[in-house]
Novice: 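Sending over a structure as structure tokens; questions will come in a sec.
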Amino acid sequence: MEKPTLRQRTHDCNGLREEHIGEGALLMGWVAGIRDWGGALFLDLRDRYGITQVVFDASRDKELLDRVSSLRSEDVVAVTGAVSKRLKANDKIDTGAVEVLAEDLYVFSRSEVPPFPVRDETNAGTEIRLKYRYLDLRRPVMQRTLVTRGKIAHFVRNILFDESFLEIETPFMVKYTPGGARNFMVPSRLQPGMVYALAESPQIYKQLLMVGGYDRYYQLAKCFRDEDPRLDRQLEFTQIDLEMSFADDEDVMDTVERLFVRLWQNLGLSFTEATFPRLTWQEAMDRYGTDKPDMRFGLPHVILDDFARGSGIGILEDAVAQGRMVKGLVVPGRAAEFSRKILDELTATVRREEVGPAKGLIWLKVEGSGELKGPVAKLMSPEIQTALCDRLGMHDGDLLFIIADEPKITHKAMDFLRRDLAARLGLIGAGMFAPLWVVNFPMFERSEEGQWVSSHHPFTHPSPADLPLLNTPRQGEVKSLAYDLVINGNEVGGGSVRIHDPAIQAQVFTALGIGDEEAERLFGFLLEAFRYGVPPHAGFAAGLDRLVMIVTGTDSLRDVIAFPKTVSGTDAMTGAPTAPGAPQLKELGISLAPPQRSV
RNA sequence: GGGGUGGUAGUUAAGUCGGUUAUAACGCCGGCCUGUCACGCCGGAGGCCGCGGGUUCGAGUCCCGUCCACCCCGCCA
């Protein structure tokens with residue numbers, strides 16, 4: 001047959017159904033598999049839409065059967081034939097009721113033997129998958145993920161367009177500013193010895209767009225941060241970035257909430273709550289030990305400092321006396337499922353470096369009406385035992401865990417314990433999406449050197465009620481008009497009201513130890529812009545990659561990005577980064593340290 | 001920057017106390033087979049055991065170094 005083109009293709013590989021029986025079809029795709037029976041041969045033809053079975057029959061065309069028997073996996077072919085009802089349907093594929101009785105075949109290209117099978121069930125390691133990424137991307141599960149990613153991007157654009165947002169691109173190559181994430185640098189040829197930074201976010205540009213009068217801006221913005229990659233972090237990632245003028249925190253949260261509810265609807269999903277619940281940062285820390293709690297299950301923490309004080313348990317009384325924090329967590333009704341072995345395992349877990357490390361884990365089982373069992377129970381009088389049960393509303397069969405440690409460690413270890421227990425007890429239902437706004441974040445935190453630094457960024461508006469505390473000894477108590485959106489324990493995005501009053505901005509810079517001169521040098525252009533009529537504004541940015549992870553239930557960020565980098569920042573397929581040659585360096589006016597590895 | 005796990009056939013893994021020809025599954029190649037769909041059956045090929053050094057009569061195995069991948073802490077969203 002002559003080389004066919006797309007115009008002649010009648011269906012994709014998921015297009016044929018019983019209604020097409022008797023019609024002719026011309027399909028194109030990859031050979032996903034061949035089952036050769038000698039007298040007959042079954043060929044699975046695959047494209048990104050699905051799989052269709054093509055049958056070659058010796059009794060119909062022996063010459064064609066001979067030709068097709070030379071085909072191998074991943075060859076690219078076109079096939080013509082008659083759509084026919086299968087003798088026995090295959091309900092695993094959408095086209096399983098029909099097959100194509102082949103009449104002719106055209107081979108577009110041949111494939112070498114692939115290094116791993118192009119199937120969902122591959123157990124190929126990360127390295128080989130990234131090296132042959134184009135084959136990995138051909139796997140249906142990867143294609144489904146990227147299709148979902150494409151849909152999300154499309155829906156977000158549609159929804160924001162409907163809400164009068166305008167998509168505007170901002171530069172990748174920007175002015176280098178210290179602080180926050182480490183920047184990638186791009187040497188300038190035209191300005192020898194000078195560098196651009198790759199934008200870690202469009203933050204300043206989107207605020208300048210507000211000054212420019214574009215009162216509702218958004219962008220699916222690529223961001224670059226030179227920090228160590230993780231399972232859920234890459235050097236390059238994409239943000240759904242937006243900013244609104246004349247808007248306060250409630251306006252932004254309303255808008256973002258509508259965006260997410262509509263996005264979920266478009267994806268055929270739904271949230272556990274019609275309106276997104278809110279917690280203050282302090283409530284989140286007290287009840288869950290983290291600023292991004294997973295709300296798909298309960299098991300809240302209870303602060304037990306007051307109980308610890310008179311508990312009769314020496315280690316708890318000492319802990320409180322030394323300013324440590326005592327937290328409890330009740331597992332209702334399922335104490336019997338926790339053997340001594342499991343409890344010992346949990347104790348070992350909270351002692352691990354990356355979990356706490358907590359000094360220990362106290363557990364108490366409730367038996368009967370208010371009687372406690374456990375290693376420290378005998379230290380508590382019956383009255384205190386009953387009081388504790390009453391206080392926590394515990395009954396027969398409940399299990400209580402207690403950790404007493406430095407506040408930071410108590411929070412961290414109890415957060416881990418809560419999530420571990422939820423998984424252990426099977427409390428997390430499939431297909432659940434539990435949203436949460438966390439609000440009222442601290443404005444500042446202490447750096448390692450003891451300096452005050454912004455929790456969010458220096459343009460975040462302090463809570464108006466806390467303004468008098470700026471540049472006072474109580475500065476650490478200042479909260480900000482910042483908000484984070486959390487879904488299933490993942491920080492999906494965050495934003496804040498921005499400062500548009502130069503006087504407040506000056507106070508915040510002072511609070512951060514940034515002098516007038518330094519502020520002028522770093523952000524002078526922004527401060528100048530604000531002198532020409534700046535609307536009050538506020539915004540939000542969501543991590544698109546993480547959003548796709550949550551929606552598709554993927555556990556690695558690499559699996560929602562077409563061409564991700566390895567954990568050491570290399571591209572396994574292209575070999576980037578590479579060492580430049582001397583002529584390139586000379587042109588750029590820079591010199592480099594010798595590479596630490598061969599390239 | 002720190003800690004951990006791993007690297008053996010194309011892929012995924014096993015390999016005991018240091019000992020003869022390094023094993024399996026899938027894939028690949030050849031043969032048989034007309035209703036399979038992870039087809040089946042028979043046969044076969046395929047190895048710098050990551051790399052470099054060391055210990056030893058002898059190293060996939062023990063030691064040192066190094067590179068790569070992955071996971072975690074720091075950092076960061």
Side-chain angles (χ1 to χ4, degrees), chain A residues 32-45 51-60 62 65 69 72-74 84 86-93 95-96 99 101 112-132 135 179-183 200-201 203 221 223-241 291-292 352-357 412 416 447-448 456-457 484-486 490-495 541-547 555-558 565-570 572 575 595-599:
Chain A
I34 291 172
R35 293 171 295 280
D36 187 350
W37 275 72
L41 182 149
F42 303 91
L43 184 153
D44 288 338
L45 194 65
I51 285 183
T52 301
Q53 174 165 285
V54 184
V55 186
F56 297 81
D57 189 332
S59 67
R60 293 164 60 91
K62 182 69 167 61
L65 181 65
S69 59
R72 295 295 180 263
S73 287
E74 305 310 319
S84 163
R86 286 210 202 183
L87 297 181
K88 193 168 69 179
N90 178 356
D91 54 14
K92 288 179 193 165
I93 55 176
T95 62
E99 62 193 359
L101 298 179
E112 291 186 15
V113 177
F116 56 87
V118 179
R119 282 209 306 261
D120 283 355
E121 317 80 56
T122 184
N123 48 5
T126 308
E127 202 169 0
I128 198 87
R129 285 179 54 201
L130 290 183
K131 183 173 179 190
Y132 299 94
L135 293 178
R182 205 176 284 123
N183 287 274
E200 57 183 88
S201 84
Q203 182 60 37
C223 303
F224 306 87
R225 294 181 188 175
D226 189 7
E227 301 291 350
D228 290 13
R230 286 289 154 77
L231 191 62
D232 60 349
R233 270 165 37 188
Q234 281 271 314
L235 303 180
E236 322 178 36
F237 61 100
T238 307
Q239 279 190 348
I240 303 168
D241 189 52
D291 60 5
K292 47 176 184 174
R352 269 166 35 206
E353 178 68 31
E354 68 269 26
V355 173
K412 190 174 161 192
F416 187 93
S447 72
E448 266 177 37
H456 195 54
H457 56 63
D484 272 6
L485 178 60
V486 177
N490 299 282
E491 186 197 330
V492 164
L544 175 64
D545 315 271
R546 283 186 184 174
L547 198 55
D555 57 12
S556 169
L557 197 65
R558 281 188 297 269
K565 298 206 169 25
T566 68
V567 76
S568 54
T570 63
Q596 300 300 299
R597 64 181 178 92
S598 57
V599 287

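Numbered from 1 within each chain, the chains take letters A, B, ... in sequence-line order. Atom set for the values below is all heavy atoms of this structure, side chains included, hydrogens, waters and symmetry mates excluded. Because the structure is predicted, anything quoted here is derived from the model rather than measured.
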Novice: Between the side-chain atoms of A:Arg86 and the base atoms of B:C37, is any donor-acceptor pair under 3.5 Å?
Specialist: yes

Novice: Taking pairing as Watson-Crick or G-U wobble with both contacts under 3.5 Å, can you name the mate of B:G46, or confirm there isn't one?
Specialist: none

Novice: Using a cut-off of less than 4.0 Å, is there contact between a side-chain N or O of A:Arg72 and OP1 or OP2 of B:C29?
Specialist: yes

Novice: Identify whether any heavy atom of A:Asp226 sits under 4.0 Å from a base atom; if not, whether one sits that close to sugar-phosphate; answer base, sugar-phosphate or nothing.
Specialist: nothing

Novice: When only distance counts, do a donor and an acceptor, one from the side chain of A:Arg230 and one from the base of B:G74, lie under 3.5 Å apart?
Specialist: yes

Novice: Is it true that a side-chain atom of A:Arg72 and a backbone atom of A:Val113 form a donor plus acceptor pair closer than 3.5 Å?
Specialist: no

Novice: A:Gly125 near the nucleic acid: base, sugar-phosphate alone, or nothing, with a heavy-atom cut-off under 4.0 Å?
Specialist: sugar-phosphate

Novice: Report the distance from atom CD of A:Gln53 to atom CZ of A:Arg35, rounding to the nearest 0.5 Å.
Specialist: 5.0 Å

Novice: For A:Ile128, which contact category applies under a 4.0 Å heavy-atom criterion: base, sugar-phosphate, or nothing?
Specialist: sugar-phosphate

Novice: Is the distance from OP1 or OP2 of B:A77 to the nearest side-chain N or O of A:Lys292 less than 4.0 Å?
Specialist: no

Novice: Please classify the nucleic acid contact of A:Arg129 as base, sugar-phosphate, or nothing, using heavy-atom distances under 4.0 Å.
Specialist: nothing

Novice: Within this structure, what is the NZ-to-P distance between A:Lys565 and B:C70, rounded to whole angstrom?
Specialist: 13 Å

Novice: Classify the nucleic acid contact of A:Glu99 as base, sugar-phosphate or nothing, counting any heavy atom under 4.0 Å across all strands shown.
Specialist: base

Novice: Within the 4.0 Å heavy-atom criterion, would you say A:Pro117 contacts the bases, only the backbone, or no part of the nucleic acid?
Specialist: nothing

Novice: I need the A:Lys565 NZ to A:Glu236 CD distance, nearest 0.5 Å.
Specialist: 4.0 Å

Novice: Using a 4.0 Å heavy-atom cut-off, does A:Glu236 contact any base of the nucleic acid, only the sugar-phosphate backbone, or nothing at all?
Specialist: nothing

Novice: Name the closest nucleotide to the A:Ser568 side chain, picking from B:U36, B:A69, B:A77.
Specialist: B:A69

Novice: Are the ring of A:Trp37 and the base ring of B:U34 both nearer than 5.5 Å at their centres and tilted by less than 30°?
Specialist: no

Novice: Considering Watson-Crick and G-U wobble pairs with both distances under 3.5 Å, what does B:G18 pair with?
Specialist: none

Novice: Go ahead and name the base partner of B:A24; Watson-Crick or wobble counts if both distances stay under 3.5 Å, otherwise write none.
Specialist: B:U12

Novice: Whether the side chain of A:Arg225 and the base of B:C76 hold a donor-acceptor pair under 3.5 Å is what I'd like checked.
Specialist: no

Novice: Closest approach to the side chain of A:Asn123, judged atom by atom: which nucleotide of B:U34, B:C33, B:U12 is it?
Specialist: B:U12

Novice: Ignoring hydrogens and geometry beyond distance, is the side chain of A:Glu112 in donor-acceptor contact with the base of B:G10 at under 3.5 Å?
Specialist: no

Novice: Counting any heavy atom closer than 4.0 Å, what does A:Phe116 reach on the DNA or RNA strands: base, sugar-phosphate only, or nothing?
Specialist: nothing

Novice: Taking 4.0 Å as the cut-off, does a side-chain nitrogen or oxygen of A:Thr570 come that near to OP1 or OP2 on B:A69?
Specialist: yes

Novice: Heavy atoms only, 4.0 Å cut-off, all strands: where does A:Gln53 land among base, sugar-phosphate and nothing?
Specialist: base

